[in-house]
Amino acid sequence: MTYEEARTFIQNKNKFGTGLGLDHIRELLERLGNPQDSLKIVHIAGTNGKGSILAFLASVFRESGYRAGRYVSPASFSYEERFRINEENISRKDLCHYMEKVKKTAEEMVRDGKDHPTMFEIETALSFLYFRDQKVDAVLLETGMGGRLDATNIVSRPICTVIASIGFDHMQYLGNTIEEIAGEKAGIIKEGCPVVSYDNRKEANEVIKAAAAGKHCPLTFVNSQGIRVISQSLKGQSFSYRSSRGRWYEKIEIPLLGTHQIYNAAAALEVLEVIKNYYCISEFQTEEGFRNTRWRGRLELLSEHPMIFCDGAHNPDGARSLAEFLRNNFTNRRIIYIMGVLADKDYRVMLQETAGIAECIYTVAPDSPRALPGSELGEAAEPYYDKVYVRDRLAPCLREVKKEAGEDDVIVIFGTLSFQNELQG
């Protein structure tokens, strides 16, 4: 199988849809020898923050000399980024090798009268095969959507289950209330396995408590009252933290911006305490790992004159965190938005959350078959902005805005993670 054949094969699997449920992935992995059962896995679900939490953990593992596999979806810059060990993407050669192996197994399933696995199920199986053969020390595994019926939930004995921030997203699949969504996320909790959770709103926390108790799992919440912000700037931030177990972290420095990233970092610290019996990680290695964390497209500063930020905020909670960051840092600066969203997102609430900050907004369509046309987003933005400009695509729009902006202005690009790839191109 060539690289082009591998990409064509996986792209054609979009026709099999989302495929929530574990029957297909269970059958596929059993035929492949259940590679996931030999891996030490940290499994994480959540509406926002799960990628950041795993980025902190991956950096600490790297600083400590461990090889951590990381499976993320979607990727931002290249397809191979979905399957990473430390900071290195899977090679095209390995991608073709494992894709062909999974493809043959999927075709055997169809010949035996089974349904064909979906794209996400194929990629999930590929990741487990790759990480097993590479003998990684840990796997940092994100759910694709929800948790209970997500293909990654085939994992039976994670060394830690993590629930990140919970908010409203994918309601057509996960439910219309925080309790319903929290229940879907908490579906990754396994019998007796330790759980670490973001300190969410009360109704979400109660659901997580009940799920953990029902599975006899030790549960740790981030100690929100134990966080003390030391410094915040556009270069990074630092904080102290007293963990739920009473451990004191005097000064943790992180380069990721936004107060919400401090809470994500605190969650990662709690995870490290839970899994400490599996790994030898020093305090210095922990501090260095946090200090050297990189996570592209999350309040990423792309330029300074004018300032240009790209943020992956793509749901109401993400938009709220972005608005908080802008209010805290740019009260006396002219702000210009460039926004694009996927059609299934709650973009009207996102517009409400970010209103009253920018002088004007440019609306564009992301380069995705699921994109909302810029004209429709512009129409939705009109109640909140005096100046709404509709453009076709991000790249030419950004060039136009940069020419119009002054050196002290702030340009904020947000609404979808796919913008990262468009900026790269």
Side-chain angles (χ1 to χ4, degrees), residues 22 25-26 29 33-46 49-72 83-86 124-125 127-144 147-148 150-164 185-198 208-209 211-222 243-245 247 264-283 285-286 289-290 293:
L22 302 180
I25 187 68
R26 182 177 293 112
L29 286 169
N34 285 318
Q36 75 280 5
D37 290 345
S38 62
L39 298 167
K40 293 185 178 71
I41 294 174
V42 175
H43 195 194
I44 181 168
K50 57 183 183 286
S52 297
I53 293 170
L54 293 193
F56 287 125
L57 294 173
S59 187
V60 172
F61 276 117
R62 186 176 64 252
E63 291 291 337
S64 304
Y66 292 107
R67 299 174 72 243
R70 187 164 172 213
Y71 174 50
V72 299
F83 319 97
R84 311 184 79 182
I85 297 177
N86 290 353
T124 300
S127 74
F128 291 142
L129 285 172
Y130 176 58
F131 294 144
R132 181 198 64 186
D133 290 354
Q134 291 293 316
K135 296 180 172 57
V136 298
D137 300 297
V139 172
L140 306 174
L141 182 68
E142 294 183 41
T143 59
R148 181 176 63 91
D150 188 82
T152 62
N153 203 30
I154 197 67
V155 173
S156 59
R157 293 292 300 174
I159 60 173
C160 184
T161 295
V162 188
I163 310 296
K185 307 292 185 185
I188 69 170
I189 293 174
K190 302 299 191 303
E191 182 72 30
C193 297
V195 180
V196 170
S197 177
Y198 197 94
I208 294 166
K209 286 178 185 177
K215 296 287 187 178
H216 310 98
C217 300
L219 171 63
T220 303
F221 282 103
V222 169
S243 76
S244 295
R245 290 172 173 77
R247 181 173 177 180
N264 291 332
L269 287 171
E270 295 287 1
V271 173
L272 289 170
E273 291 197 17
V274 164
I275 64 175
K276 63 184 178 182
N277 291 336
Y278 293 94
Y279 306 98
C280 183
I281 299 174
S282 70
E283 183 175 336
Q285 290 164 337
T286 299
F290 278 83
T293 299

(request) Would you check if E270 and L272 make a side-chain contact, meaning some heavy-atom pair closer than 4.5 Å? (result) no

(message) Nearest 0.5 angstrom please: I189 CD1 to L219 CG, how far?
(response) 7.0 Å

(request) Go through the structure and list residues passing salt bridge (Lys or Arg N to Asp or Glu O under 4.0 Å) with K215, not counting sequence neighbours. (result) none

(message) Donor-acceptor check, side chain of K190 to backbone of T161, threshold 3.5 angstrom: yes or no?
(response) no

(message) Please report the interatomic distance CD1(I188) to CG(D150), rounded to the nearest 0.5 Å.
(response) 9.0 Å

(message) Is the shortest side-chain heavy-atom distance between I41 and Y71 below 4.5 Å?
(response) no

(request) For V271 and T220, run side-chain contact (heavy atoms from CB on, under 4.5 Å): C-alpha distance rounded to whole Å, both residues' side-chain angles, the deciding distance at 0.1 Å, then the answer. (result) CA-CA 9 Å; V271 173; T220 303; over 6 Å; no

(request) Ignoring hydrogens and angles, tell me if any N or O in the side chain of S243 forms a donor-acceptor pair with the backbone of R245 under 3.5 Å. (result) yes

Please list every donor-acceptor pair under 3.5 Å in which a side-chain atom of residues 51-61 meets a protein atom from a residue at least two apart or in another chain.
from: S52; atom 1: OG; to: Q261; atom 2: OE1; distance (Å): 3.2
from: S52; atom 1: OG; to: Q261; atom 2: NE2; distance (Å): 3.1
from: S52; atom 1: OG; to: W295; atom 2: NE1; distance (Å): 3.4
from: S59; atom 1: OG; to: R62; atom 2: NH2; distance (Å): 3.2
from: S59; atom 1: OG; to: G289; atom 2: O; distance (Å): 2.6

(message) Treating S244 as the side-chain partner and F221 as the backbone partner, does any N or O pair qualify as donor plus acceptor under 3.5 Å?
(response) yes

(request) For residues L22 and R148, report the shortest heavy-atom separation together with the two atoms involved. (result) CD1-O, 4.3 Å

(request) Decide yes or no for V42 and P158: does some side-chain heavy atom of the first lie under 4.5 Å from some side-chain heavy atom of the second? (result) no

(request) Determine the minimum heavy-atom distance between S64 and I281, stating which atoms define it. (result) OG-CG2, 3.3 Å

(message) So, using side-chain hydrogen bond (donor to acceptor under 3.5 Å, both in side chains) as the criterion, who are the partners of T286 when residues are at least two apart?
(response) none

(request) Taking all heavy atoms of G192 and all of C217, pick out the closest pair and write down the distance. (result) N-SG, 3.5 Å

Would you tabulate the side-chain donor-acceptor contacts of residues 131-142 under 3.5 Å, counting partners in other chains and residues two or more places apart, or write 'none'?
from: D133; atom 1: OD2; to: Y98; atom 2: OH; distance (Å): 2.7
from: Q134; atom 1: OE1; to: R67; atom 2: NH2; distance (Å): 3.4
from: D137; atom 1: OD2; to: R67; atom 2: N; distance (Å): 2.7

(request) Could you pull out all residues at least two apart from R26 that satisfy salt bridge (Lys or Arg N to Asp or Glu O under 4.0 Å)? (result) D23

(request) Taking all non-hydrogen atoms of both residues into account, name the closest pair between S156 and D37 and its distance. (result) OG-OD1, 3.9 Å

(message) Taking side-chain hydrogen bond (donor to acceptor under 3.5 Å, both in side chains) as the definition, give me every residue that meets it alongside S197, ordered by chain and number, with sequence neighbours left out.
(response) none

(message) With heavy-atom distances below 4.5 Å as the criterion, would you say the side chains of K50 and N264 are in contact?
(response) no

(request) Calculate, to the nearest 0.5 Å, the distance between atoms CG and CG belonging to N34 and L129 respectively. (result) 10.0 Å

(message) Using every non-hydrogen atom in the two residues, find where A164 and G49 come nearest and quote the distance to one decimal.
(response) CB-C, 4.2 Å

(message) Is it the case that the side chain of N86 and the backbone of G69 share a donor-acceptor pair, with hydrogens and angles ignored and the cut-off at 3.5 Å?
(response) no

(request) State, to 0.1 Å, how close G187 and N153 come at their nearest heavy-atom pair, and which atoms those are. (result) O-ND2, 3.2 Å

(request) Please assess V162 against Y198 for the test side-chain contact (heavy atoms from CB on, under 4.5 Å), listing each intermediate value before the final yes or no. (result) CA-CA 8 Å; V162 188; Y198 197 94; over 6 Å; no

